[in-house]
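In what follows, a structure is listed as structure tokens, so that the remarks can point back to it.
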Amino acid sequence: MMRRDTSRARGARRRVAALALAAAALLTFGLSGAPARAGTAGGGGVNAAFADAAHTYGVPQQVLESVCYLEGRLSAHSGQPSIDNGYGCMNLVKNDKTDTLDQAAKLTGLSVSALQHDTAANIRGGAAVLRAAALTLAPKLPATLAGWYGPIAAYSHASSRSVAGMYADAAFQLIQTGFSGTADDGSQVTLAPQAVLPDKSKLDSVPLAPAALPAGCTQDSNVDYPSAVDCVVPTTYDCNTVSGACTYQSSNRPSSFALYDVTIHDIEGTAADAISTFQDINSGVSVHYVVDSDGTVYQTLREKDIAYHAGNFWYNEHAVGIEHAGIDATGYQWYNATEYLASAKLTAYLLNKYNIPLDHAHINSHGTTPSPTLGTSPNHVDPGKYWLWDYYFGLIHSLGVAYPTGNTPAAGLFRVDPSSDQAPDGPNGTETTANNSFFTLYTGPSTKDAVIPGAPGTDPTDETTNVETQMPYYSLASQPDQAGTGMTMYEIWYGENDQLGNSTPSYSADAKKAWLAVPAGSAVPVHSYVVSLKPSTAGATIGVYGRPTTDASDIIGTAPTGSLWAAPKSVFEDGTKNLWFGIDYNHREAWVPSSEVTVIDWY
């Protein structure tokens with residue numbers, strides 16, 4: 001979510017309004033054991049449906065299975081349409097950009113209702129659309145499995161050729177590695193690994209489905225990221241040159257300010273909402289890139305300039321911001337495979353360009369960015385608990401970006417790497433509520449103990465009593481959950497927001513020991529420094545800062561002498577030789593000066 005924070009206060013902040021999402025009607029899918037409806041593809045189970053569709057339309061069964069797995073993990077997910085109004089595991093869509101649902105109905109003679117409601121029909125419709133895509137690229141169907149790369153790319157209906165290619169790459173990766181999964185009818189679908197080198201010769205001929213350009217945007221080469229649409233705001237929005245309303249500060253990064261981070265946001269709405277806001281000079285907010293759910297990337301500010309996006313001006317100076325179509329509380333309905341793929345490619349480009357490490361300390365979220373001061377607390381919480389960090393980092397890594405390496409990780413260092421964070425598990429590659437990437441802390445070594453103090457209420461996006469995946473922490477002790485859940489409890493230092501329940505609530509945090517509940521086997525080693533805090537003056541309280549600047553107003557919490565923390569990065573305070581360590585203080589990053597740190601281990 002977008003938020004302006006600058007020492008030159010310029011009026012009220014404005015964020016994009018959240019869109020209300022209508023609840024989708026639940027539908028009943030006809031699979032094995034149910035009689036076929038008139039006009040549908042018939043029964044026989046999902047494996048029989050794949051075989052029948054492959055035989056009827058000449059599309060290799062491996063292609064149908066990989067697309068069904070890529071789009072919907074073999075599931076129709078109770079008939080809920082995707083955010084792009086796509087149905088079934090083959091994601092037959094009907095929206096203002098494309099209409100494969102009606103196309104499938106015309107090609108198969110099946111009703112739209114059957115294609116939406118019946119998985120066998122949905123697979124048959126997907127096969128017909130893939131066949132049609134193949135015949136737009138050549139007069140005959142491909143003679144080999146490798147030749148189906150182009151039709152799969154066309155089936156994505158992506159707005160750019162690069163994203164279409166990434167979609168086909170993902171499908172062929174599934175064919176090459178194989179997979180096994182359970183369909184809605186209980187059938188086990190297994191695709192054995194195939195040693196196939198895809199034929200990409202038809203990719204340049206794949207028809208694209210570009211969205212209509214938003215007002216103020218052009219398709220030209222005047223962008224930093226070659227695949228982006230140019231929506232860069234005019235220089236009249238520059239706060240360094242105008243005295244009235246403005247949205248950013250011109251700069252010459254990374255010469256003027258080192259670039260340490262990429263910050264991941266969601267828009268709390270659509271890409272069009274975000275672009276409209278960024279083009280409003282009175283909004284007071286800006287960001288460098290916007291990624292839409294169809295994979296389109298829009299550039300709205302030059303990378304060299306300072307955007308007002310992170311709610312913390314130090315991070316604004318040192319980060320490139322990326323907004324994503326979506327709403328954090330219902331991210332599982334928004335964040336789809338195409339959006340992840342396009343964003344991963346953009347972030348891989350930024351990491352390579354600015355030599356930024358591939359880890360969560362440097363690809364942070366708005367939700368792991370601290371407020372700079374107590375007076376501006378709390379910061380935003382996007383992209384929320386349904387953004388899949390393990391999956392996202394894996395996509396970036398697959399694009400050739402190496403993970404950080406170093407010495408053997410120090411004993412006690414870990415990050416949470418759960419199965420729920422590994423891959424989208426919903427229609428059109430989106431998630432379900434099971435894909436939770438937040439994990440809760442307790443006052444004792446049992447999930448029956450009280451949750452640590454935090455914000456009152458039951459806000460699903462709250463970050464005061466939990467951590468998110470990929471963040472490193474240092475374990476003081478571990479043991480099985482005494483409640484018998486099979487989870488493992490890890491004791492860590494954590495900056496608790498225990499003053500929120502006071503008669504005068506405060507976001508000032510107090511570091512205390514707490515127990516983090518982690519699914520069994522999900523805690524894995526991670527590279528980071530381990531630091532012990534010590535006061536520079538005997539008996540003094542150790543202040544924890546919202547940014548690495550020597551200013552008492554930036555203290556957002558405290559920590560006791562001898563407390564141990566994972567410190568995955570360090571920086572010099574701008575314009576000085578003062579070294580600061582970034583520690584994972586609670587759900588968010590925070591900062592301590594090296595004068596109050598003893599490094600006791602490192603990666």
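A distance of 11.5 Å separates OG of Ser398 from NZ of Lys345, quoted to the nearest 0.5 Å. To the nearest 0.5 Å, atom OG of residue Ser475 and atom CD1 of residue Ile492 are 8.5 Å apart. To the nearest 0.5 angstrom, Asp449 atom CG is 10.0 Å from Trp515 atom CH2. Considering CG of Asp169 and CG of Leu174, their distance stands at 11.5 Å, rounded to 0.5 Å. Atom-to-atom distance recorded for Gln470:CD and Ser365:OG is 11.5 Å, nearest 0.5 angstrom. Rounding to the nearest 0.5 Å places OG of Ser595 at 10.0 Å from CD1 of Ile542.
A donor-acceptor pair shorter than 3.5 Å cannot be found between the side chains of Asn502 and Thr504. Judged by distance alone, the side chains of Ser251 and Asp305 never bring a donor and an acceptor atom under 3.5 Å apart. Side chains of Glu468 and His587: a donor-acceptor N/O pair is present below 3.5 angstrom, by distance only. When only modelled atom types and interatomic distance are considered, Glu491 and Tyr474 share no side-chain donor-acceptor pair under 3.5 Å. Judged by distance alone, the side chains of Ser180 and Gln188 do bring a donor and an acceptor atom under 3.5 Å apart. Side-chain contact check for Asn364 and Thr368: no donor-acceptor pair (N or O, by modelled atom type) lies under 3.5 Å. In summary, the side chains of Thr376 and Thr373 do present a donor paired with an acceptor at a separation below 3.5 Å, with no hydrogens or angles considered. Judged by distance alone, the side chains of Tyr225 and Glu303 never bring a donor and an acceptor atom under 3.5 Å apart. Neither side chain, Asn586 nor Glu496, offers a donor N or O lying under 3.5 Å from an acceptor on the other. Checked by atom type, the side-chain pair His318/Asp574 shows a donor-acceptor distance below 3.5 Å. Side-chain contact, Asp554 with Thr549: a donor N or O sits under 3.5 Å from an acceptor N or O.
Glu71 is not listed as a side-chain neighbour of Cys89, based on a closest heavy-atom distance of 4.5 Å or more. Considering only heavy atoms from C-beta on, Asn436 stays 4.5 Å or farther from Tyr332 through its side chain. Side-chain contact between Arg588 and Val381: present, with at least one pair of heavy atoms (C-beta onward) separated by less than 4.5 Å. No side-chain heavy atom of Tyr494 sits less than 4.5 Å from a side-chain heavy atom of Lys512.
Under the 4.0 Å criterion applied to side-chain N and carboxylate O atoms, Asp421 and Lys385 are not assigned as salt-bridge partners. Between Glu317 and Arg253 there is no salt bridge, since no side-chain N of the basic residue sits under 4.0 Å from a carboxylate O of the acidic one. For Asp261 and Lys569, the salt-bridge test passes: some basic side-chain N is under 4.0 Å from an acidic carboxylate O.
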Worksheet entry | Derivation of the side chain to side chain donor-acceptor pair (under 3.5 Å) call for Thr488 and Gln479 | CA-CA 6 Å; Thr488 303; Gln479 66 179 66; over 6 Å; no
Under the criterion side chain to side chain contact (heavy atoms under 4.5 Å, CB included), I'd like the reasoning laid out for Glu573 against Thr550: C-alpha separation, chi angles, the key distance, then a yes or no. CA-CA 8 Å; Glu573 183 175 345; Thr550 310; 2.7 Å; yes
- Task: List the steps, then state whether side chain to side chain contact (heavy atoms under 4.5 Å, CB included) holds for Phe414 with Ser528.
- Result: CA-CA 9 Å; Phe414 73 96; Ser528 175; over 6 Å; no
- Item | Criterion side chain to side chain donor-acceptor pair (under 3.5 Å) on Tyr349 and Lys353, from CA distance to verdict | CA-CA 6 Å; Tyr349 149 84; Lys353 183 174 182 178; 2.9 Å; yes
Handout entry: side chain to side chain donor-acceptor pair (under 3.5 Å) assessment of His324 paired with Ser343
Key = CA-CA 8 Å; His324 297 81; Ser343 178; 2.7 Å; yes
Discussion item. What verdict does the side chain to side chain donor-acceptor pair (under 3.5 Å) test give for Asn435 and Ser420, after you've listed the backbone C-alpha separation in whole Å, the side-chain angles of each residue and the deciding distance to 0.1 Å?
Written reply: CA-CA 5 Å; Asn435 281 128; Ser420 62; 5.7 Å; no
Review point. Taking it one step at a time, do Leu346 and Tyr289 satisfy side chain to side chain contact (heavy atoms under 4.5 Å, CB included)?
Key: CA-CA 9 Å; Leu346 169 61; Tyr289 291 100; 3.8 Å; yes
I would like to know whether Val544 and Thr558 meet side chain to side chain contact (heavy atoms under 4.5 Å, CB included); could you show each step before the answer?
CA-CA 5 Å; Val544 179; Thr558 62; 5.7 Å; no
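Heavy atoms only, all atoms of each residue included: Gln176 and Pro193 are closest at O-CB, 3.4 Å. Of all the heavy atoms in Val526 and Pro472, the pair that sits closest is CG1-CB, 3.6 Å. Considering all non-hydrogen atoms of both residues, Ile600 and Ser532 come closest at CG2-CB, 4.0 Å. Across every non-hydrogen atom of Gly311 and Asn316, the tightest pair is N-OD1, 4.3 Å. What you find for Thr464 and Tyr507 is that their closest heavy atoms are CG2-CE2, 4.4 Å. The shortest non-hydrogen separation linking Thr561 to Pro535 is OG1-CD, 3.1 Å.
Between Trp389 and Tyr392, the ring-plane angle classifies as perpendicular under the 30° and 60° cut-offs. Relative ring orientation between Trp565 and Tyr585 is described as tilted, the plane-to-plane angle lying within the 30° to 60° band.
For Tyr315, the OH atom is densely surrounded, since the number of other residues' heavy atoms within 6.0 Å is greater than 12. Atom CG of Asn355 has 12 or fewer neighbouring heavy atoms from other residues, nucleotides or ligands inside a 6.0 Å radius.
Taking the six-membered ring for Trp and the full ring otherwise, Tyr545 and Trp580 have centroids separated by under 6.0 Å. Two rings, from Tyr391 and Tyr340, have their centers less than 6.0 Å apart. In this structure, His265 has its ring center closer than 6.0 angstrom to the ring center of His309. Between Trp387 and Tyr335, the distance from one ring center to the other falls under 6.0 angstrom.
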